[in-house]
Visitor: 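Please see the structure below; I have some questions.
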2 protein chains.
Amino acid sequence: MSDKKPTINDVAREAGVSKRTVSRVINGSANVGEKTQKLIQSVIERLDYSPDKQARGLASSRSYLLGLIYDNPDALYIDQVQRGVLEVCSKQGYELVVHPCQYSSDKLVEDCQGFIRRSKIDGVIVLPPVSESKQLAAALRENNQCYVRMASVDLDDHMNIVVSDERAAMAEMARYLVSMGHRDIAFITGPLSYYSSLERLAGFRSTLQQLGLALPESQVFEGQNSYQSGIDAAKRILSKTTRPTAIFANNDEMAAGVLKVAHNMGINVPEQLSVAGFDDNLLASRIIPSLTTIQRPVGAMAALAAQKIIRAIEKSDPVSSESDFLVKPHLIIRESTAPCTKS
Amino acid sequence: MSDKKPTINDVAREAGVSKRTVSRVINGSANVGEKTQKLIQSVIERLDYSPDKQARGLASSRSYLLGLIYDNPDALYIDQVQRGVLEVCSKQGYELVVHPCQYSSDKLVEDCQGFIRRSKIDGVIVLPPVSESKQLAAALRENNQCYVRMASVDLDDHMNIVVSDERAAMAEMARYLVSMGHRDIAFITGPLSYYSSLERLAGFRSTLQQLGLALPESQVFEGQNSYQSGIDAAKRILSKTTRPTAIFANNDEMAAGVLKVAHNMGINVPEQLSVAGFDDNLLASRIIPSLTTIQRPVGAMAALAAQKIIRAIEKSDPVSSESDFLVKPHLIIRESTAPCTKS
DNA sequence: TTGTAGGCGTTATCAG
DNA sequence: CTGATAACGCCTACAA
């Protein structure tokens, strides 16, 4: 093919101008004559020139690298995020560097900072639950690093966050279950140290109250968002003398655990018990019966986050409008829920 | 904290030597006096100095970036790979850049080359099915780029590949099903244009033959590795007048489809029909009944691939021993298979 | 509107 | 064994 990658010098020589002028064209500076502009543009095309990111970065102290920080067991979620981010960032000349980490580690902040520093990452997108860390956010801000958090609660400047309105989604879930006639509903939460868990619970409970119903504490069970914890909670719930007619679980993994326990106990879903989850992960549509759940527009959220971060990095429009930080999840009704048949 | 990141100059000045000598120490060159060595080492520690990757890259034309190229719908697989790779590469100072692509696109090669070129990726790990592309491999080799393919068939120099012995795994699967008394087994393959599909089929069939049994063409159905294609195949298989007593599906997604169809037709698994899959993805353990399947040591494979690639990049030991390119998957027995009850 | 010169932090060449 | 000095490819004051 070619001998070597062409440099800015090759372009300059070929076009009969100086590096500086070529540089101006590359970076879209206004102060270039129409003709020279066109000329250089054509030479660039002909030589198939593209600026060297490393050299560029060394000079301007940027890397054209975006980081993705997460500690999330849901691989499907991560995958959707990665694709969403890449869709936006690769077009803009950025690459995506992944960085799984440990949310509960006391070296979290240090670890993430190291990651950013070592590779001069231009900006990071932080996924839940890491995105809920106050310490990390504070450190990022303090060190003047660009970041966008993806979260379920509005806990930062709208410039630095993209949130899915899970309160609203849970309101929808509550209305749906009630409309199916369910009055006696058990709720398996995620870890109560997560904002997302509290938010979902609050959204559900307040809607129930609006409908003149209640979600007593005795019907709330804390889970850990894991399959096993779903099983544990389900056992406790279903072994009570009066069973609820419906169970909501904070994620699909736990809902799958509920289904398993119900199956083992010979309880038919959805005839005798309705079950709903949250996430719409791979499981949800494959499991039998398929799961009624909440789907978040994960890819869209990620793409939005990528846009915000690039905007921030390039400071072209530091003020992002308020309108583009909130996305709406929605209810997906499948086979695991049905009208309440209890007298 | 600090004012700015210390540079090699700071270290040199502080230690009273020249940049060059510091550079030697950093890169572990032998030609440095014992004392100067120690001295510089200590200064580096004290200043918490670490070399700037961009500058380093610019000078040595390396980026300390590893690429991950894939077009695989199984997010769990991707996630395991990423973690496996990172475990190795982050310790060695490399970061991981992800690059999903389209295997069937006619611009695949171009796209991947562009990715590598644009960011001066030092080496790439290619996942199936992209890893099966002859064109891509040829282009990579021709352009002298470091790469390691992860695959199920030994189709490259052992330096450039890590393969999981799926033929052996399928032999195990065949022996297991036969040992359970199954003689009439249906086989849903993956796309027959994939080596992996052919390999699994061949491993299964040849073992059956060794056991004096056969897998007639009439029992082989081509699927697309998707849930829907599993459903389609299962419908064809289960609507025949004489049903097989067991069905193997080329992956768990399709096996889930089989389970779904069986459920809808009122066929009990595993009492009336045994079902097995391949992958051990998230579904396998969650679905009811949980799935007998094959688990590959994906993380280990990925880690191995990372090691090989770094070794190749740093050319410290260009010849990797033959022994470390093969990994062994193994059978996981769960609830979806049982002894054959047919007369 | 365009060009000159110096710098970003390393590595590499070649003397001493 | 060590040290000036020139790349590496691009950006950016500062001039012209």
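Below, chain A is the first sequence line, B the second, and so on; all start at residue 1. Here the structure is a predicted model, which means the values were calculated and not measured. Heavy atoms only: backbone and side chains are in, while hydrogens, waters and symmetry mates are out.
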Visitor: Round to the nearest Å and state the distance from A:Lys120 atom NZ to C:dT10 atom C1'.
Guide: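 Whole-Å distance recorded here is 11 Å.
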Visitor: In whole angstrom, give the distance that lies between atom CG of B:Leu47 and atom P of C:dG9.
Guide: 14 Å
Visitor: Using only side-chain N and O atoms of B:Thr36, determine if any of them is under 4.0 Å from OP1 or OP2 of D:dC1.
Guide: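 No.
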Visitor: Counting only distance, no hydrogens or angles, is the base of C:dT13 paired donor-acceptor with the side chain of B:Arg20 under 3.5 Å?
Guide: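 Indeed, a donor on one side and an acceptor on the other fall under 3.5 Å apart.
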Visitor: For A:Ile26 and D:dT12, give me the distance from atom CD1 to atom P, rounded to whole Å.
Guide: 11 Å
Visitor: Look up atom CD in A:Gln113 and atom CG in A:Leu136, then write down how far apart they are to the nearest 0.5 Å.
Guide: 7.5 Å
Visitor: Measure from the side-chain N and O atoms of B:Asp122 to the backbone N and O of B:Ser63, and report whether any donor-acceptor pair falls under 3.5 Å.
Guide: yes
Visitor: Classify A:Ser23 by what it touches in the nucleic acid, base, sugar-phosphate, or nothing, heavy-atom distance under 4.0 Å.
Guide: base
Visitor: Looking at DNA chain D, which of residues 50-65 of chain B put a heavy atom within less than 4.0 Å of it?
Guide: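 Here the set is B:Leu58, B:Ala59.
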Visitor: A:Asn27 has an atom CG; how far is it from atom P of D:dA13, in whole Å?
Guide: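 Interatomic distance, CG of A:Asn27 to P of D:dA13: 12 Å.
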Visitor: How do A:Arg24 and A:Tyr49 order along DNA chain D: which one's closest nucleotide is nearer the 5' end?
Guide: A:Tyr49
Visitor: B:Ile8 has an atom CD1; how far is it from atom P of C:dG7, in whole Å?
Guide: 18 Å
Visitor: Specify the separation, in whole Å, of atom CD1 of B:Ile40 and atom P of D:dC1.
Guide: 13 Å
Visitor: If you look at every heavy atom in B:Lys308 and B:Ile161, which pair is closest and at what distance?
Guide: NZ-O, 3.5 Å
Visitor: Looking only at the side chain of A:Thr7 (C-beta and beyond, no hydrogens), which of the listed nucleotides D:dA4, D:dG9, C:dT10 gets closest?
Guide: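 Given the options D:dA4, D:dG9, C:dT10, the side chain of A:Thr7 is closest to D:dG9.
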Visitor: When you get a sec, tell me which of C:dG3, D:dC11, D:dT2 is the closest nucleotide to the side chain of B:Val32?
Guide: D:dT2
Visitor: Using 30° and 60° as the class limits, which term best fits the ring planes of A:Tyr194 and A:Tyr103: parallel, tilted or perpendicular?
Guide: perpendicular
Visitor: Assess whether one donor atom and one acceptor atom, taken from the side chain of B:Lys19 and the base of C:dT10, lie less than 3.5 Å apart.
Guide: yes
Visitor: Rounded to whole angstroms, how far apart are CG on B:Leu39 and C1' on D:dC1?
Guide: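 Atom-to-atom, B:Leu39 to D:dC1, this comes out as 15 Å.
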Visitor: With a 4.0 Å cut-off on N to O distance, would you call A:Asp52 and A:Arg56 a salt bridge?
Guide: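 A:Arg56 and A:Asp52: not salt-bridged.
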Visitor: Separation of B:Arg13 atom CZ from D:dT2 atom P, in whole Å?
Guide: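 Roughly 20 Å, once rounded to whole Å.
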Visitor: Atom CG in B:Asp71, atom CG in B:Asp111: separation rounded to 0.5 Å?
Guide: 10.5 Å
Visitor: Indicate yes or no: does B:Glu132 engage B:Arg149 in a salt bridge with an N to O separation below 4.0 Å.
Guide: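 Answer for the salt bridge query: no.
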